[in-house]
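Just below is one structure, and these are the notes that go with it.
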Amino acid sequence: MTMLELLRLENIQLDSIRSNKMTVIQLLQELLIQKSLEEISMIYRITNDIFETTGGTKNK
């Protein structure tokens with residue numbers, strides 16, 4: 001294999017690594033967003049339950 005072929009192969013591998021890295025970053029961002037939404041939903045449910053059990057009125 002010539003030096004040029006080796007460089008091309010290395011470049012393809014680097015592009016693949018960059019692409020995989022971006023995919024991992026995107027998946028982590030989506031997971032973080034999903035986790036945040038779950039936590040917000042849980043806080044809302046807990047707050048709602050507190051209002052219902054204490055007979056409090058909700059702010060509108």
Side-chain angles (χ1 to χ4, degrees):
M1 206 176 250
T2 67
M3 189 61 146
L4 186 57
E5 290 171 325
L6 284 172
L7 285 172
R8 283 187 184 141
L9 182 60
E10 186 176 319
N11 200 25
I12 290 170
Q13 290 172 338
L14 284 174
D15 285 346
S16 177
I17 290 170
R18 283 187 199 106
S19 176
N20 289 340
K21 183 175 155 187
M22 288 310 296
T23 301
V24 169
I25 289 171
Q26 287 170 333
L27 288 171
L28 286 172
Q29 287 172 335
E30 289 174 19
L31 183 63
L32 180 62
I33 290 168
Q34 180 62 36
K35 195 70 181 154
S36 297
L37 290 174
E38 288 172 6
E39 290 174 358
I40 290 168
S41 178
M42 183 177 65
I43 291 168
Y44 176 79
R45 283 194 305 273
I46 291 170
T47 305
N48 218 25
D49 289 348
I50 291 170
F51 275 118
E52 288 176 4
T53 57
T54 60
T57 56
K58 295 180 186 174
N59 291 333
K60 294 185 181 187

Donor-acceptor contact below 3.5 Å, side chain Ser36 vs main chain Leu32: yes

Do Glu10 and Leu6 touch side chain to side chain, with heavy atoms closer than 4.5 Å? no

Is the side chain of Ser16 donor-acceptor paired with the backbone N or O of Ile12 at a distance under 3.5 Å, no angle test? no

Can you check side chain to side chain contact (heavy atoms under 4.5 Å, CB included) on Lys35 and Glu39, steps first, answer last? CA-CA 6 Å; Lys35 195 70 181 154; Glu39 290 174 358; 4.0 Å; yes

Would you check if Leu27 and Thr23 make a side-chain contact, meaning some heavy-atom pair closer than 4.5 Å? yes

Atom CZ in Arg18, atom CE in Met22: separation rounded to 0.5 Å? 12.0 Å

So, does Thr47 use its side chain to make a donor-acceptor pair with the main chain of Ile43 at under 3.5 Å? yes

Between Ile50 and Met42, is there a shared hydrophobic cluster once you connect ILVMFWY residues whose side-chain heavy atoms come closer than 4.5 Å? yes

CD1 of Ile25 to CG of Asn20, rounded to nearest 0.5 Å, is 11.0 Å

With rounding to the nearest 0.5 Å, note down the distance linking CG in Leu4 to CG in Leu9. 11.5 Å

